[in-house]
Every structure is written in C-alpha cells, then in structure tokens.
*Asks:* 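So that we are looking at the same thing, I have put the structure below in structure tokens.
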Amino acid sequence: MEDFIRELECLRKAIDEAMEGALLGYPCDVPLIREAMVYSAEGGKRLRGAIVLSTYKDLGGDGDAMHFALAIEMIQAYSLVHDDLPCMDDAEMRRGRPACHKKFGEAMGVLAGDALLTLAFETAASSDLPPYRVVEGIKALAYGAGAAGMVGGQVLDLQPEAIRRGACPGGPSANGRAGAAGPSDSDSPGDLADPENLADRVRLMYRLKTGRLFETAAKLGAILAGAPAATVERAAEAGMHFGFAFQILDDIEDAAQGGVEEDKDTLLKRISLEKAREEAIMGFQRCKQLAGSGRLLARLADHYLVTRLGV
Ligand code: GRG
C-alpha cells in the first residue's frame, strides 16, 4: 500500500507541475482568465490523469502521454467549475477553498470553465505521440466529456423530478460502450412506478456523469499505447466500474455528513444505503478483476475498498 501511495503522489506531482507549466506558458494576453484557470486547475487529486499515464505505461507505451493527462484534468477542472455555478449545484467551496465563481464572479466561472475545456483539446492535439493515436484519443476525450458522457449525466442529475415523472427521455445508453456498471442499461424510461427503474435512472446518471470520465482515462492510456481493441475495451470497462463505484462512495460519504440535498436523486435514496454500498463494493471488485493485479487502477480500487468501505 505504501508503494502505491508513493507512486500516486509522484504522478500527482508530475501532473501538477506540467499543468502549471501549460497554463503559465500559454500565450494569452488576458491575465484575468489565466488567473481563473490556474486557480481552478489547482488542488485536485489527479486520479484521472494518473490513470492515463499508468495505463499507458502498463500497456507498453514508451513515449509521453502527459498531454492527455493534462487534457483530462483540464476537463475535470472545467466540470467542477461549472458544476459549482449557481445554475447547477450552487456550491460555494471546491477543493477546500472558494469555488471559482465565488472568487472571480459568475461570468468568469462560466468563462474559466469554457477556457479549460477548449484548452484541453488544444493540449491533447499538441501531443507528440503518433498522429492517428492522438486523433483517436481526442475522439475518446470528446465522447467521454460530451452529451454521451459527462454532460449527458449532468443533465440527468439536474432533472430528477422530470425523470420521476417520466418527462425526461431516457438519455444516452451506456450499453455496449463500457459494460454495465449497474444491472440494467436500458435507455427507455420504462415503468417509472417501478422503483427499480428509478434506480436504473440513477445508475445511468452515475455511469455518464462520473463513470464516463474514468472510463475515458483508462481508455486513453490504452489507445495511446496502441493496444488492441479488446484491451482498449477491457481498460475502458475497468475505468467505468471504478467511476461508478467512486460516485456511490462519494454519495455514501456525503450522506454520512448529512450533505445530501432533498431534490437530488441518489442510489442510496432509491435502494438503501446497504444495497448501494454493496454495488460500490462490486464495482471496485470488478474493476480490480478487469484492470489486472498490480495495475494502478486495480490498486486504487483496492485502496478505496480497504480504506473507505472497510472490505
Ligand atoms: C458541469 C458538465 C458538467 C459536469 C459536472 C462530475 C460532475 C459533472 C460534477 C462533480 C460532482 C461531484 C462532486 C461528484 C462526486 C464525485 C466526483 C466526481 C468528485 C470529484 O472528483 P475527484 O474527487 O475531484 O476526483 P478532484 O478535485 O480530486 O479532481
């Protein structure tokens, strides 16, 4: 466990340094937007970037995948900045300090998020890795961050009432793209009087909102290393299971601190704390199996199982 923590810390530091260099070195004549971007990109655990780098190395990559680690962390930072806005989650604090819009104002929060999102793609496109892999990587990044991924999940998250009433279309199905992290991948709302269908709505939301970016991280490492399609798929599936379990764990910890808002749909509310905990455990365990022992993603899953779920 010690070695793993050290390795994770090493990757975090490398990503932090590269991020600072990328943002401070970016040719931009407007100091305020740079300041808001630097502020928003600081302080994360860099889990997604670390998964890109370690998967790339584990699968035989012998170049530098840092541009993609930065890109996914820029997307992560943008998503948190926008998620904190008053029109979304309306959160005051992020990463232990005032959220971007609290420090710089709401308009700057929108713009800092926009600038981080666009810079992510410019950064990925500047990678020195083989161009066809870079293009595939950029496609994977866009897919994971957009309507079929994080943005779609955020829409479901914002519409719990509509989902309950059946007014919201089922949303994009994760079917076949990443493997089911929950029991059903249906993209039809089904009978919304049935609690299991409501639970499936939440599972879909978790897969898209949180699972998809972890899926993308592992997938990117594999694509950039030139792994065969089946290996890319397996890495993606491991990442999806990790992200799904990670989101449930976050909900469990929020609930323990009394931090769950009334109008937020969570798996805990739909199927009970104990059953949700079981799904988180299954998700991390499945991730371990798929990622393979010794891999950073498997050790990360193990770390959460042991330290946060007491398994
Ligand atoms: C605004 C398009 C858009 C999307 C936002 C993922 C998301 C979608 C919002 C985050 C909401 C949230 C706090 C979910 C809980 C689980 C989670 C993804 C936490 C943040 O990830 P960490 O813990 O964060 O890896 P750091 O700060 O370490 O990067």
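All ligand and atom numbering here is 1-based and tracks the order in the structure.
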*Asks:* Any side-chain to backbone donor/acceptor pair from Ser79 onto Gln76? Under 3.5 Å, distance only.
*Replies:* yes

*Asks:* Apply salt bridge (charged side-chain N to carboxylate O under 4.0 Å, His left out) to residues Arg277 and Glu274 and explain how you reach the verdict.
*Replies:* CA-CA 5 Å; Arg277 183 175 173 276; Glu274 200 37 54; 3.7 Å; yes

*Asks:* Measure across Ala225 and Leu59 and return the closest heavy-atom pair with its distance rounded to 0.1 Å.
*Replies:* CB-O, 3.8 Å

*Asks:* I'd like to know if Arg12 pairs up with Glu9 as an ion pair, taking the criterion as any Lys NZ or Arg NE/NH1/NH2 lying under 4.0 Å from an Asp or Glu carboxylate oxygen.
*Replies:* yes

*Asks:* Taking all heavy atoms of Val232 and all of Ala227, pick out the closest pair and write down the distance.
*Replies:* CG2-O, 3.6 Å

*Asks:* Taking all atoms of both residues into account, what is the closest heavy-atom pair of Ile138 and Phe68, and its distance?
*Replies:* N-CE2, 3.8 Å

*Asks:* Mind checking what residues have non-hydrogen atoms under 4.0 angstrom from ligand 1?
*Replies:* Gly44, Lys45, Arg48, Gln76, Tyr78, Ser79, Leu80, His82, Asp83, Arg94, Arg95, Met150, Val151, Gln154, Lys209, Thr210, Phe246, Gln247, Asp250

